Amino acid sequence: MEVKKPHSKKYDAVVIGSGSNGIAAAIHLQQQGLSTVIYEKSSVPGGATKTAEITLPGFKHDIGSTVLPMAYSSPFFQQLPLEKYGLEWIYPEIPFSQTLENGKAVACYKSIEKTAAQLGKDRDGYIDFMKPLVENWSDIGEDVLGPLGVPAHPIKFLKFGLKAFPSAKFLTNSLFKEEEAKALFYGAAAHSTLPLTNLFSSSFGVVLGLMAHLNGWPFPKQGAGKLIEALLDYYKDMGGELVLNAPVKKASELPGSKIQIYDLTPRQLLQIDDLDLSSSYRKRLENYKYGAGVFKIDWALDGPIPFTSDKCRRSGTIHIGFSPEEMEKSEQLTAEGKISEQPYVLLVQPSVFDKTRAPEGKHTAWAYCHVPNGSEEDCTRIIENQIEKAAPGFKKLILAKSTMNTRELEVFNPNLVGGDINGGRQDITQLFTRPVAKISPYKTSNVNVYLCSSSTPPGGGVHGMGGYNAAKQAIKDHFS
């Protein structure tokens with residue numbers, strides 16, 4: 001990718017970090033006719049959204065994000081002509097499925113009715129729960145993925161909030177009678193990395209479930225890195241500039257600009273010298289809490305994963321946990337600083353649907369389990385045992401593997417502090433007040449410095465909305 005190296009040139013805005021939020025911020029500013037440049041410390045842009053051959057030649061692995069329902073449904077990214085810049089989306093037949101005991105599984109299809117048809121006594125309850133969410137998303141999506149404020153459609157937004165606020169356990173017990181529906185919702189809610197008994201743990205299950213029914217859980221053909229390539233190609237066509245291999249240690253080393261926007265979590269921001277932040281703001285950032293980490297494995301495989309359930313074989317994403325109780329225990333132990341011997345495992349098998357990911361007849365897959373923040377324990381055995389239970393014969397297909405514990409994930413991308421892929425704990429204390437409680441969480445104590453990372457609303461995920469929201473705030477403050 002072309003790298004431009006500005007020297008004495010001045011800009012309206014300098015963006016530090018080329019994750020999806022940093023790029024989104026730069027794009028929105030550039031769209032308003034402002035001059036911008038992105039500074040990235042790595043030789044490859046994209047933050048945690050990168051694709052590389054890390055096991056064997058010809059096997060393309062998404063080192064961080066793979067399945068991008070939030071990117072596809074992002075109110076900001078949907079406005080961009082990314083398909084014109086080579087982005088193609090792959091739609092797995094089944095967005096995600098959830099393993100159960102005895103080789104069974106329950107699937108989340110794009111169709112609400114088809115999903116509900118598997119759920120026995122909970123059929124009507126599931127339809128009544130999900131249908132209004134999907135129907136109202138176009139009216140509430142930007143407010144859900146933005147900072148706290150007065151929503152455009154208060155009643156619809158309130159109905160969403162009443163479903164997202166409780167714990168996943170309370171919500172499922174209130175709505176559903178049987179294990180299938182409870183397990184299906186638990187598997188999506190566990191993306192929160194919170195105990196499933198915590199307030200707001202239901203929010204991930206609500207949003208990810210409605211995303212599946214709205215647009216499926218698609219991912220970019222040839223790898224998640226293709227999203228970053230398309231975004232940057234569009235950005236550069238508008239005159240935006242990118243500087244790689246450019247770590248920022250001092251704010252004064254950056255080109256002159258009216259504002260700076262940082263796609264960094266609080267810990268990285270505090271490490272930058274001469275940023276002129278107040279001592280009280282610094283203290284509040286120091287108190288920011290990070291969430292659970294993950295232990296991740298990428299595999300090169302000799303064939304498709306032989307799941308006992310046909311539903312799992314036809315799913316892009318599989319949540320592995322054989323009962324609601326098992327998943328609940330796994331997430332609770334993680335919060336207590338322990339690791340379950342039967343962990344909740346999130347697995348993705350992109351090559352089943354995208355033949356560009358591996359040599360003919362071969363496959364790629366990855367999985368992770370949640371671990372305490374900063375844990376360096378090797379979870380290969382317990383993850384592979386959970387997969388083997390759902391897919392007997394899986395281990396015999398492994399040609400090569402690459403593992404990353406929380407420390408190695410943070411080396412790969414310093415924003416993944418302690419292996420936290422959500423940019424900070426997303427509980428009731430930080431979901432809407434990240435990184436600190438302010439009317440605009442994107443503003444810092446320095447009127448010319450903004451934050452736009454996953455440590456700002458709406459939090460983790462590849463959606464660009466943190467960057468878009470921060471850019472909107474900066475435009476209002478400085479360029480209106």
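Scope of the values below: all heavy atoms of this structure, side chains included, with no hydrogens, waters or symmetry mates. Throughout, residue positions are numbered sequentially from 1 according to the sequence presented. On a predicted model such as this, the values are computed, not experimentally measured, just so you know.
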Less than 4.0 Å between a side-chain N and a carboxylate O, is that true for [Y] and [X]?
{"X": "Asp139", "Y": "Lys156", "answer": "yes"}
{"X": "Lys472", "Y": "Glu142", "answer": "yes"}
{"X": "Lys289", "Y": "Asp427", "answer": "no"}
{"X": "Glu408", "Y": "Lys296", "answer": "no"}
{"X": "Lys226", "Y": "Glu229", "answer": "yes"}
{"X": "Asp420", "Y": "Arg425", "answer": "no"}

Just checking [X]: does its [atom1] atom have more than 12 heavy atoms from other residues, nucleotides or ligands closer to it than 6.0 angstrom?
{"X": "Tyr281", "atom1": "OH", "value": "yes"}
{"X": "Lys41", "atom1": "NZ", "value": "no"}
{"X": "Ile155", "atom1": "CD1", "value": "no"}

[X] side chain near [Y] side chain, heavy-atom distance below 4.5 Å:
{"X": "Pro458", "Y": "Val144", "value": "no"}
{"X": "Thr406", "Y": "Val371", "value": "yes"}
{"X": "Tyr450", "Y": "His478", "value": "yes"}
{"X": "Val14", "Y": "Val248", "value": "no"}
{"X": "Arg313", "Y": "Val352", "value": "no"}

Restricting to non-hydrogen atoms, name the atom on [X] and the atom on [Y] that form the minimum distance, rounded to 0.1 Å.
{"X": "Pro166", "Y": "Ser202", "result": "O-OG, 2.6 Å"}
{"X": "Gly424", "Y": "Tyr288", "result": "CA-OH, 3.4 Å"}
{"X": "Leu133", "Y": "Phe160", "result": "CD2-CD1, 3.8 Å"}
{"X": "Ile272", "Y": "Arg282", "result": "O-NH2, 4.2 Å"}
{"X": "Ser73", "Y": "Asn215", "result": "OG-ND2, 2.8 Å"}
{"X": "Gly225", "Y": "Thr51", "result": "N-OG1, 3.0 Å"}

Lys182 to Phe176 six-membered ring, cation-pi geometry met (6.0 Å, 45°) =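 Lys182 over Phe176 ring: no.
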
Under the ring-ring contact (aromatic ring centres under 6.0 Å, His included) criterion, do Phe96 and His319 qualify, and how do the steps go?
-> CA-CA 7 Å; Phe96 69 90; His319 299 142; 5.1 Å; yes

Evaluation steps, ring-ring contact (aromatic ring centres under 6.0 Å, His included), between Trp366 and Tyr368 | CA-CA 7 Å; Trp366 66 257; Tyr368 67 62; 5.6 Å; yes

To the nearest 0.5 angstrom, please state how far the [atom1] atom of [X] sits from the [atom2] atom of [Y].
{"X": "His370", "Y": "Met327", "atom1": "NE2", "atom2": "CE", "result": "12.0 Å"}
{"X": "Ser35", "Y": "Lys258", "atom1": "OG", "atom2": "NZ", "result": "11.0 Å"}
{"X": "Leu87", "Y": "Lys84", "atom1": "CG", "atom2": "NZ", "result": "13.5 Å"}

Do [X] and [Y] have a side chain donor and acceptor closer than 3.5 Å?
{"X": "His61", "Y": "Thr55", "value": "yes"}
{"X": "Tyr290", "Y": "Thr265", "value": "yes"}
{"X": "Tyr235", "Y": "Thr36", "value": "yes"}
{"X": "Gln98", "Y": "Lys311", "value": "no"}
{"X": "Ser402", "Y": "Asp298", "value": "no"}
{"X": "Thr444", "Y": "Asn446", "value": "no"}

Would the Tyr72 and His463 ring centres measure less than 6.0 Å apart?
->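 Judged by ring-centre distance (under 6.0 Å), Tyr72 and His463 do not meet the cut-off.
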
Aromatic centroids of Tyr91 and Trp89 separated by under 6.0 Å |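 Ring-ring flag for Trp89/Tyr91: false, centres at least 6.0 Å apart.
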
Would you check, one step at a time, whether the test side-chain hydrogen bond (donor to acceptor under 3.5 Å, both in side chains) holds for Ser453 with Asn21?
-> CA-CA 6 Å; Ser453 68; Asn21 281 311; over 6 Å; no

Yes or no on side-chain hydrogen bond (donor to acceptor under 3.5 Å, both in side chains) for Thr356 and Gln222, after CA distance, side-chain angles and deciding distance?
-> CA-CA 6 Å; Thr356 69; Gln222 300 183 55; 5.4 Å; no

Residue that, paired with Tyr442, satisfies side chain to side chain contact (heavy atoms under 4.5 Å, CB included) out of Ile261, Leu451, Asn469 |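 Only one of Ile261, Leu451, Asn469 forms a side chain to side chain contact (heavy atoms under 4.5 Å, CB included) with Tyr442, namely Asn469.
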
Test ring-ring contact (aromatic ring centres under 6.0 Å, His included) applied to His191 and Phe204, step by step | CA-CA 6 Å; His191 283 247; Phe204 274 66; 7.3 Å; no

Apply the test side-chain hydrogen bond (donor to acceptor under 3.5 Å, both in side chains) to residues Ser351 and His363: give CA-CA distance (whole Å), side-chain angles for both, the deciding distance (0.1 Å), then the verdict.
-> CA-CA 5 Å; Ser351 60; His363 283 271; 2.7 Å; yes

